[in-house]
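The structure under discussion appears below in the form of structure tokens.
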Amino acid sequence: MNDMKKTFVFLFACLLAGPASAQYQYPFQNPSLSYKERVENLISLLTPEEKVGLMMNKSASVDRLGIPSYNWWSEACHGVRQDGYTVFPQPIGMAASFNDQLVYEVFSTVSDEARANWNRSNHDIFHVPMGEIYYPGNPELTFWCPNVNIFRDPRWGRGQETCGEDPYLNAVLGVQTVLGMQGNDKHYLKTHACAKHYAVHSGPEPLRHSMNVEPTNRDLWETYLPAFKALVKKGNVREVMCAYQRFEGKPCCTSDRLLIDILRNKWGYDGLVVTDCDAINNFYNKGQHETHKDPLSASVDAVLNGTDLECGKVFMCLTDGLKKGLVKESDLDQHLRKTLYGRMELGMFDPAEMLPWAGLGPEVISSASNDQLAIQAARESMVLLENKNVLPLSKQLKTIAVVGPNADDAAMLNGNYGGTPTKEHTHSLLDGIKAAVPHANIIYNKACELKRFNGGPADFAEAGSYRWRAPEYVATTDFEKLAQEVKDADVIIVIGGISARIEGEGGDKKDIELPMVQQQLLRAMHATGRPVVFVNCSGSAIAFGSVEGQYDALLQAWYAGQGGAKALAEVLFGDYNPGGKLPVTFYRSNDDLPDFLDYSMKNRTYRYFTGKPQYPFGYGLSYTTFAVGKGKMSSTSMRKDEKVTLTVPVKNTGKREGTETIQVYIKALDDAGAPIKALKGFQKVLLKAGEKGTVKITLDGEAFEYYDEHIDELATKAGRYQILYGTSSLDKDLQAIDFIVE
């Protein structure tokens, strides 16, 4: 469009907008116009080169129009990923709470802190210096979370970023994450959330830039896609990130099946698709996908097959693509409409005082109230897996031994993909114990430590084309001498497990066994004859089969964030009654696992595992006991478009207040390929000692959806079912009701 045409468009838009537009140089700046009108005006004013500059995460400024540069890339997996912000438990820990309202509150708080940071940085188009480029770490409003990939294999390093192995739990908690991040204002979004990594992405980490995955259609629709579908259709998520690997032979960021057929056409998604960082490079780099000959062919193919925004800078070559006729300017406009609309709905082109969150100041960031929420989230994440009448501990104990590599490691609590709390809110688990029993004699010994891990080549082991992180724990003291030092303690608390230096982005675990030196430590402590409490910190399932019987109590503490120290102490000493439930299966040993490279769900997760888990999905003990009564269905059958309600009586039969989570699973009796059972509802109930309560869980046709090859989608299937309800996924913890879908 030449300058004369642009001037005409501008004048015509001013006439349509009315007198109020006179105070704005361009219609796209006018808040009284619709976002669509403003976007179309802005697109009409941009040159082809400027359009290309706006299609990368480090979007270039357009100085002549007063548009500042913007970086779309920020992270908030469990808190804003910068120093000095509130750090909540890893998502895998928050998933153990089975509390969707808690997850919403956490991410509403995270987005409050993000907005407060934006406000204090004066990110307003009328004040930001033109031409400046922003990088990760600067205040932004677009956050690439949540990770809703299925934690199909406990060796995967990034599984801790997810809400576990179950599609339904991932969907429910993922939607609450999105709602908390994006806010509930009718006109503006507080921040953007992003569903990642779309799709079928869960390790091995070192192969993600070159591997091809081809799951069965059934596994694709029943396991790998439900959470993404829920975030799009129920959460209205505004960004979706396409994954690194190939899907059915095509890189995900150029997969027309994933990005166009499923995401746009079947689900009606109207937000923007962003690539994982430097994913376009993988298309042509030697030793990676090698599906394209050069950056230009890779970029054009990605644009024509559904990718809107690149995290990287390969898209810069699209200017050559325009000149060569490989891509049209109208093709770019189609993608720009989504990115520019996103900036509009975040209020980036409007005066700051117009936004609902203008009053959020720096005092919101890492506030005392946010710290209390982090503590509550950590409390609810704790899962009691074993207890031989040892816990809770008395605060009157005189001598307590605390040993293990994670006891005095405050950084361990931050986990993977997180920020760092303020010094005021940084406490190790040992600090928490000392604060809870200030008059006790605490004997502390690290006992063992991670010998090395700096991310260098020496820290990896290889098997063919697959590498895993291979750190080594070594003893720092003689365990026999240590046993003599602690043999008179009232209790020995071993705080071990692993850390995010071993599992995380870029690296997986070789196996799921507890490090050998910690196995030796546990045996040495158990041999003293004193009660042994083992606190395991990890972002994934650890196999305890090799040390079964070597502890009197086992508590899964995950990577609990800045509230972990206080929360653990409260659980250990009975100020808080644990009620967490496992969001993943804890297998007995590494021998229970299929090939890591196999994306088939056969014998994976509680939905398909035919063996005997050590601690099953949905399992978790309490300091009190509960009796689950006989449930009643509102009907013994339903049509596909109807709903039914299950009512379950629950009684606290113990001597103290506590929470129980009633879980509802569906078992298909007429479908041999269906999961053994699948979670379709849950409700957490708080009851005082002796109190009775009632749980009501409603099921609709979605609870009975399975893959239908005739429509290549999920569909509610008629047939015979069992409604299973109880306190874990284990058969002995469930009661059954026969049910029919007509």
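In this structure, the side chain of Q663 engages the main chain of G618 through a donor-acceptor pair within 3.5 Å. Within the 3.5 Å criterion, the main-chain N or O of R720 finds a donor-acceptor partner in the side chain of D670. Proximity of a side-chain donor or acceptor of N652 to a complementary backbone N or O of R656 within less than 3.5 Å is detected. A donor-acceptor pair under 3.5 Å is absent between the side-chain atoms of D700 and the main chain of K643, judged by distance alone. The closest donor-acceptor contact from the side chain of S637 to the backbone of I740 lies at 3.5 Å or more, if one exists at all. Judged by distance alone, with hydrogens and angles left aside, the side-chain atoms of E513 form no donor-acceptor pair with the main-chain N or O of I542 at under 3.5 Å. Using modelled atom types, no side-chain atom of R607 and backbone atom of A674 make a donor-acceptor pair closer than 3.5 Å. With hydrogens and angles ignored, the 3.5 Å screen pairs a side-chain donor or acceptor of E503 with a backbone N or O of G539. A donor-acceptor pair under 3.5 Å is formed between the side chain of E222 and the backbone N or O of Y707.
Checking each of Y665, F704, Y725 against F739 for a ring-ring contact (aromatic ring centres under 6.0 Å, His included) leaves exactly one that passes, namely F704.
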**Asked** Between N305 and D301, is a side-chain hydrogen bond (donor to acceptor under 3.5 Å, both in side chains) present by the stated rule, with each step listed?
**Response** CA-CA 6 Å; N305 284 285; D301 206 15; 2.7 Å; yes
**Stepwise side-chain hydrogen bond (donor to acceptor under 3.5 Å, both in side chains) test for H192 and R238** = CA-CA 6 Å; H192 269 194; R238 304 316 297 145; 5.1 Å; no
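There is a side-chain donor-acceptor pair under 3.5 Å between E380 and N99. Side-chain contact annotation: N149 with H197, donor-acceptor N/O pair under 3.5 Å present. With no hydrogens or angles considered, a side-chain donor-acceptor pair links T698 and T645 at under 3.5 Å. Residues S540 and K509 bring a donor and an acceptor atom of their side chains to less than 3.5 Å of each other.
Looking at residues two or more places apart in sequence or on another chain, you find no disulfide bond (SG atoms under 2.5 Å apart) involving C194.
Between Y619 and F586, the distance separating the two ring centers is not shorter than 6.0 angstrom. Two rings, from Y244 and H209, have their centers less than 6.0 Å apart.
Using cut-offs of 30° and 60° for the angle between ring planes, the Y606 and F617 rings count as parallel.
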